[in-house]
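A quick write-up on the structure given underneath.
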Amino acid sequence: MIDLKLVQKNPDVLAKALADRHSDIRVDDFLKLDGRRRELLAEVEAMKGRRNAASAKVAAMKRAGEDASDLLRELGDLSDRIKTLDAETDEAKAAVQEWLMRVPNIPDVSVPVGRDENDNPEVLRWGTPCDFDFEPREHGDIGQTLGGLDFERASRLSGSRFVVSFGWAARLDRALINFFLDQHTRNEGYIEVCPPYIVNRTTMTGTGQLPKFEDDLFRIRDAEQYLIPTAEVPLTNLHAGETLDEASLPLAYCAATPCFRSEAGAAGRDTRGIIRMHQFNKVEMVRFAHPDDSFNQLELMVSHARLLLEMLELPYRVITLCTGDMGFSSAKTYDVEVWLPAQKTYREISSCSNCTDFQARRAGIRFKPKGGKAAFVHTLNGSGLPTGRTIAALLENGQQKDGSVVLPKALAPYMDGVTVIEPRR
RNA sequence: GGAGAGGUAGCGAAGCGGCCGUAACGCGCUCGACUCGAAAUCGAGUUAUCGGUGAUGAGCCGGUACGUGGGUUCGAAUCCCACUCUCUCCGCCA
């Protein structure tokens, strides 16, 4: 959530941000709603002030043994009017709140203004896409041929956009999780967490999935609980409602969890392979940072995601998302895109965002500076990394003419020394 | 799932219709005194949020908040109802 005061005092700052994002939310609507709220509030508060003063008088009279029945009759009327006006004020407040909850974060000044993914500037490239002396195959095809990925059985068990992994593929998934977690916890100072995969409405609201993106979530029937679409949700909400010790910042957590996404609106997109599944495993990084330091922390987190790809010898590039392509809660996002030779394109494998105080304000995550007033922390999140898309990249980039797949050396310790996935014979 | 107990400041906890919410008392924290320094001791300070007025500051005026939401009442932390979470016991269960 953005700062109420900011919208009140600098509506044009928000108006520009919304225009840059190509949002259809209009600040004028807010000014109307908030104006009405303030009007009602001033009126009802004045009445309550009178009531409180009179009530104190009643108490004093009763103590003195005097008759207060005239005053009481008057107060009855006043109380009735307050009750009506209170209800109206509550409605006005709720309208303002609801409007605010649907407003996206304000992009940082360093974020390029643009319409959609075509306007995302490239920051850097690493590695060289491999030159194949044969036509490279798609990862889904390779995975099925090698007996590791089974889409038919998955669709029988569950439906479309699911996969069953067997043997080397299941093992590779587990190897990647361990490899990623080890790297983050041993070398980068992240605290490993095993959070719940089901969270309540408040938690989903804290990170910005709700109320706007309910359709993207799987909901538990008859309960106000949802399957997490990313570990960002439970990890960021870990400190909801807390005031953190300033000295503890930055705080860094990582977790490997399954992620559940309904992929509403993605019909027909990425239907081949394992790029877009309803369920996938991902290691997520989350950081809580001091506001003065959060953009440094973002650079640091991107470097953590990049390092994993470099250790896996996968060519990638980094782009900055432009204003029109950024997520709801983010003030600045870098996407790391891995090279997929069959599609001959870079595809998103990690998204690292600085959400500034947007989530912290929603979830109530503060810190108290020495001698100062409590302020909101900045929250950051980044994938590091999803296993499915990583497997896709490993299969496509490591494929050989004979149908086998060569794995990067870094994974050997996690794969019982296996460095080549051989075709079944 | 059943029974009971409970949810009040950073923590523990008192209050159980108006004299109690910048909320007793204890701890913690901040500042000061004492000290070469520290401990101990002594003194002072320490809720958040909204509206108005100031400069988006300080201050001042007012409102709200005792798990959440309703109700009773002129007035609710206090009485009533529903929900929720925590703890204890029982049941069920990987």
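No hydrogens, no waters, no symmetry mates; every other heavy atom, side chains included, goes into these values. Labels below follow one simple rule: chain letters A, B, ... track the order of the sequence lines, proteins then strands, and each chain is numbered from 1.
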So, A/Tyr414 versus A/Arg174: side-chain donor-acceptor pair below 3.5 Å or not?
no
Give the rounded distance in Å between these two atoms: CG of A/Leu75 and P of B/rG18.
17 Å
Determine which nucleotide pairs with B/rG1, using a 3.5 Å limit on both distances of a Watson-Crick or G-U wobble pair.
B/rC90
B/rA14 - base-pair partner by Watson-Crick or wobble geometry, distances under 3.5 Å
none
Pairing partner of B/rU47 (Watson-Crick or G-U wobble, both distances under 3.5 Å)
B/rA65
Value in whole Å for how far the C1' atom of B/rG63 lies from CG of A/Leu40:
14 Å
When you compare B/rC93 with B/rA82, how far apart are their C1' atoms, in angstrom units rounded to a whole number?
30 Å
Can you tell me how far P in B/rG4 sits from the matching atom in B/rG18, rounded to whole Å?
29 Å
Separation of B/rG63 atom C1' from A/Leu85 atom CG, nearest Å, is 13 Å
Rounded distance in Å between the P positions of B/rU30 and B/rA39:
11 Å
Is there a Watson-Crick or G-U wobble partner for B/rA23 with both distances under 3.5 Å, and if so, which one is it?
none
Ranking A/Leu72 and A/Asn10 by the position along RNA chain B of their nearest nucleotide, the one closer to 5' is A/Asn10
Just the rounded figure in Å: distance from P of B/rC11 to CD of A/Glu242.
10 Å
B/rG57 glycosidic torsion: syn (within 90° of 0) vs anti
anti
The single option from A/Thr387, A/Leu395, A/Ile391 passing side chain to side chain contact (heavy atoms under 4.5 Å, CB included) against A/Ile274
A/Ile391
Under 4.0 Å between a side-chain N/O of A/Thr243 and OP1 or OP2 of B/rG10, yes or no?
no
Measure the distance from CG on A/Asp80 to C1' on B/rU72 and round it to the nearest whole Å.
13 Å
When you match A/Ala59 and A/Leu41 each to their closest nucleotide on RNA chain B, which lands nearer the 5' end?
A/Ala59
Between A/Leu411 and the options A/Val418, A/Leu394, A/Thr419, the side chain to side chain contact (heavy atoms under 4.5 Å, CB included) test singles out A/Leu394
Whole-Å distance between B/rU49 P and A/Arg361 CZ?
12 Å
In terms of side-chain heavy atoms, does A/Ser351 have a donor or acceptor partner in A/Asp335 at a distance below 3.5 Å?
yes
Counting side-chain heavy atoms from CB outward, which of B/rG18, B/rC50, B/rG63 is closest to A/Ser55?
B/rG18
Tested for side chain to side chain contact (heavy atoms under 4.5 Å, CB included) against A/Glu284, the lone hit among A/Pro386, A/Pro234, A/Cys259, A/Ser383 is A/Ser383
Can you tell me how far C1' in B/rG12 sits from the matching atom in B/rG17, rounded to whole Å?
27 Å
Is there a Watson-Crick or G-U wobble partner for B/rC79 with both distances under 3.5 Å, and if so, which one is it?
B/rG71
Strictly by Watson-Crick or wobble contacts shorter than 3.5 Å, is anything paired with B/rA55, and which nucleotide is it?
none
Determine the Euclidean distance between corresponding P atoms of B/rG59 and B/rU46; express it in Å to zero decimal places.
11 Å
Under a 3.5 Å limit on both distances, the Watson-Crick or wobble mate of B/rU84 is B/rG7
Tell me whether the side-chain N/O atoms of A/Arg51 come closer than 4.0 Å to OP1 or OP2 in B/rC74.
no
Hey, what's the ring geometry for A/Phe328 with A/Phe213, parallel, tilted or perpendicular (30° and 60° as the breaks)?
perpendicular
A/Asp86 CG to B/rG75 P: how many Å, rounded?
12 Å
Any strand is fair game: report the nucleotide pairing with B/rC36 by Watson-Crick or G-U wobble, both distances under 3.5 Å, or none.
none
When all nucleic acid strands are considered with a 4.0 Å heavy-atom cut-off, which category describes A/Arg37: base, sugar-phosphate, or nothing?
sugar-phosphate
Would you call the rings of A/His239 and A/Tyr253 parallel, tilted or perpendicular, taking 30° and 60° as the class edges?
tilted
Could you tell me the separation between the CD1 atom of A/Ile2 and the P atom of B/rU56, rounded to a whole number of Å?
18 Å
Given the P atoms of B/rA77 and B/rC66, what is the spacing between them in whole Å?
6 Å
Considering only atom C1', compute the distance from B/rC29 to B/rC81 and round it to an integer number of Å.
41 Å
Residue-phosphate contact under 4.0 Å: A/Asn52 side-chain N/O, B/rU64 OP1/OP2:
yes
Rounded to whole angstrom, note down the P distance from B/rG10 over to B/rU47.
10 Å
